[in-house]
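Before any comments, here is the structure.
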Protein chains: 2
Amino acid sequence: MNYSRQRELILKTVKENKIHPTAQDIYELVKEKSPNISLGTVYRDLNFLAEAGIIRKIDIGDKQIHFDGDISEHCHFVCLDCGKIHDIERKDYCHDENKNLIAKGFIPLRKDVIIYGQCPVCNKKEREN
Amino acid sequence: MNYSRQRELILKTVKENKIHPTAQDIYELVKEKSPNISLGTVYRDLNFLAEAGIIRKIDIGDKQIHFDGDISEHCHFVCLDCGKIHDIERKDYCHDENKNLIAKGFIPLRKDVIIYGQCPVCNKKEREN
DNA sequence: TCACAAAATAGTAATCATTACTAATTATTT
DNA sequence: AAATAATTAGTAATGATTACTATTTTGTGA
Ligand SMILES: [Mn+2]
Ligand SMILES: [Mn+2]
Ligand SMILES: [Zn+2]
Ligand SMILES: [Zn+2]
């Protein structure tokens with residue numbers, strides 16, 4: 001790793017944190033070890049790391065972007081009461097009717113599935129070039 | 001319906017629009033028929049209608065909230081090239097490995113599944129009261 | 001029909017997460 | 001070591017969204 005001390009620290013902090021922290025969260029944690037780090041650096045490095053695919057951005061619609069050091073395939077359960085973001089395994093949300101989820105005590109009320117990729121039109125366009 | 005003329009118009013505009021418009025989009029469309037409507041009113045009424053469950057908010061992580069007049073169960077495919085938001089039926093994303101999606105020419109690259117509800121801890125707490 | 005209360009609106013100001021900018025610092029290459 | 005590139009701290013700007021306020025519209029009941 002030829003990352004700067006700050007970037008290294010930000011990455012370590014995200015990887016170790018299990019609560020899906022926001023940029024502000026990371027900023028406050030990192031400040032303990034690097035007191036004069038800039039919030040701008042935290043945002044820049046988090047975006048850099050997400051762009052590189054080393055961490056993951058998650059948008060739960062609460063105005064702040066959350067970050068996840070776990071880039072394995074999984075989805076998230078947001079509790080509308082306490083706000084906690086729980087990790088959910090593929091087998092627990094892919095089965096019909098959320099049976100597994102309910103068996104574990106979760107009460108799913110709303111599910112937002114957003115798939116990103118290339119639509120048929122853009123894919124055709126690309127293949128023509 | 002005992003909605004105001006503005007609210008009625010906003011609702012109609014969202015229902016008729018198939019491209020998942022933003023508040024700004026709605027504002028510009030509605031202004032054609034009601035030239036001195038306020039952007040604040042558009043935001044207020046869109047939130048009111050979403051809260052009432054008559055329309056749906058969708059957050060695709062592009063900073064702006066999109067609205068959907070179709071509240072039936074379906075999910076969204078966001079093209080990373082053209083940005084278009086496509087409607088996807090349940091059967092097309094629930095099957096393993098996105099077979100149906102690929103058969104239709106979509107290239108799924110990333111899937112964000114966010115489930116909202118009540119976590120086991122909060123559910124237990126509620127049942128105890 | 002009129003008075004009064006409640007709801008909704010237009011217009012604007014404030015908020016706040018995020019991004020952009022700049023000058024200074026640090027790392028890398030020649 | 002000098003030149004070049006990358007990164008940073010600190011701060012300013014951005015922009016979608018929300019909050020506020022005075023005014024207008026709607027509803028209701030005497
Ligand atoms: Mn996670
Ligand atoms: Mn839709
Ligand atoms: Zn909870
Ligand atoms: Zn496309």
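Here is how names work: the chains are called A, B, and so on, in the same order as the sequence lines, proteins then strands, and each is numbered from 1.
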Query raised in the report: When the distance from CG of A:D45 to P of D:dG10 is rounded to whole Å, what number comes out?
Result: 15 Å
Query raised in the report: Whole-Å distance between C:dA8 P and B:F48 CZ?
Result: 6 Å
Report task. Report whether B:V78 and B:I19 are members of the same hydrophobic cluster (ILVMFWY, side-chain heavy atoms less than 4.5 Å apart, transitive linking). Result -> no
Report task. Nearest-nucleotide wise, let me know which of B:L39 and A:V42 is further upstream toward the 5' end of DNA chain D. Result -> A:V42
Report task. For A:I58 and C:dA17, give me the distance from atom CD1 to atom P, rounded to whole Å. Result -> 17 Å
**Report entry** Gap separating the CD1 atom of A:I88 from the CZ atom of A:F106, nearest 0.5 angstrom
**Finding:** 4.0 Å
Query raised in the report: What integer distance in Å separates A:Y27:OH from C:dT18:C1'?
Result: 14 Å
Requested in this report: Take the angle between the ring planes of A:H76 and A:H20 and call it parallel below 30°, perpendicular above 60°, tilted in between.
Outcome: perpendicular
Query raised in the report: Rounding to a whole Å, what distance do you find between B:I10:CD1 and C:dT9:P?
Result: 7 Å
Query raised in the report: Starting at the 5' end of DNA chain C and moving along, which residue's nearest nucleotide shows up first, A:N47 or B:T41?
Result: B:T41
**Report entry** Rounded distance (Å) that lies between atom C1' of C:dA17 and atom NZ of A:K57
**Finding:** 12 Å
Query raised in the report: Hey, does the side chain of B:S38 come within less than 4.0 Å of C:dT12's phosphate (OP1/OP2), counting only N and O?
Result: no
Query raised in the report: Between A:E8 (CD) and C:dT26 (C1'), how many Å, whole number?
Result: 16 Å
**Report entry** N or O in side chain of A:K63 less than 4.0 angstrom from C:dT18 OP1/OP2
**Finding:** no
Query - Length of the CD-P vector between B:Q64 and D:dT17, whole Å - result: 6 Å
Query raised in the report: Does C:dT19 have OP1 or OP2 sitting under 4.0 Å from an N or O in the side chain of A:Y43?
Result: no
Query raised in the report: If only side-chain N and O atoms of A:R44 are considered, is one of them under 4.0 Å from the OP1 or OP2 phosphate oxygen of C:dT19?
Result: no
Requested in this report: Would you indicate, yes or no, if C:dT26 has its OP1 or OP2 atom less than 4.0 angstrom from a side-chain nitrogen or oxygen of A:Q6?
Outcome: no
Query raised in the report: Within less than 4.0 Å of OP1 or OP2 of D:dT26, is there a side-chain N or O belonging to B:R5?
Result: no
Query raised in the report: side-chain contact (heavy atoms from CB on, under 4.5 Å) with B:I55: which of B:L49, B:N47, B:D45?
Result: B:L49
Query - Quiz item: cation-pi between B:R7 and B:F48, 6.0 Å / 45° - result: yes
